Amino acid sequence: MSRSNKLAPEANRILFIKNLSYNLDPPSLFALFSKFGPVRQIRQGNSANTKGTAFVVYDEVADAKQACDKLNGFNFMNRYLVVLYHQPEKMAKSAENLAERQERLERVKRENGID
């Protein structure tokens with residue numbers, strides 16, 4: 001049995017990191033997260049609404065769990081990191097909710113004659 005099978009089913013290999021410094025360079029981010037195991041990929045946000053975030057993909061679930069446990073709340077470059085397991089179903093639902101809210105806002109603006 002691999003060590004990945006011993007963890008809770010909601011645990012996965014992909015972490016979502018928030019509150020990163022905008023000045024963070026990719027090698028520094030890799031150095032921090034690779035301390036917990038082999039990192040398969042890091043994607044750092046670079047657009048206006050994703051800056052300060054990143055996705056880190058580990059080879060093993062256990063390494064991702066250890067990084068999440070140790071680095072959530074860790075002070076890195078004078079910022080306290082928020083490290084979460086990536087939950088694509090929640091992100092999709094959030095995007096749906098955003099679309100619904102925008103549609104409702106547009107309807108209210110039309111009803112009240114606001115441009």
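Just so you know, these numbers use all the heavy atoms, side chains as well, and skip hydrogens, waters and symmetry mates. This structure is a prediction, so every number in the text was calculated from the model and none was measured.
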Quick one: side chain to side chain contact (heavy atoms under 4.5 Å, CB included) partners of [X], sequence neighbours excluded?
| X | result |
| --- | --- |
| D25 | P27, S28 |
| K35 | none |
| L105 | K109 |
| N112 | V108, I114 |

(request) Might you confirm whether atom CD of E103 has over 12 heavy atoms from other residues, nucleotides or ligands at distances under 6.0 Å? (result) no
(request) Can you sort out the partners of S34 under side chain to side chain donor-acceptor pair (under 3.5 Å), two or more places apart, ordered by chain and number? (result)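 S34: no side chain to side chain donor-acceptor pair (under 3.5 Å) contacts found.
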(message) List the residues meeting side chain to side chain donor-acceptor pair (under 3.5 Å) with D69, not counting sequence neighbours, and say none if there are none.
(response)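 Result, side chain to side chain donor-acceptor pair (under 3.5 Å) vs D69: K65.
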Less than 4.5 Å apart, side chain to side chain, heavy atoms only: is that true for [X] and [Y]?
| X | Y | value |
| --- | --- | --- |
| F36 | L71 | yes |
| F55 | I14 | yes |
| F74 | L32 | yes |
| N78 | S21 | no |
| I17 | V56 | yes |
| L24 | F76 | yes |

(request) Report the C-alpha separation of I42 and V57 in whole Å, then their side-chain angles, then the decisive distance to 0.1 Å, and conclude whether the side chain to side chain contact (heavy atoms under 4.5 Å, CB included) test is met. (result) CA-CA 6 Å; I42 294 180; V57 182; over 6 Å; no
(message) Pairing donors with acceptors under 3.5 angstrom, does anything connect the side chains of S47 and T50?
(response)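 Looking only at side-chain atoms, T50 and S47 do form a donor-acceptor pair, the distance falling under 3.5 Å.
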(request) Please determine which of N75, N19, L20 meets the side-chain contact (heavy atoms from CB on, under 4.5 Å) test together with L81. (result)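 The option that passes is L20.
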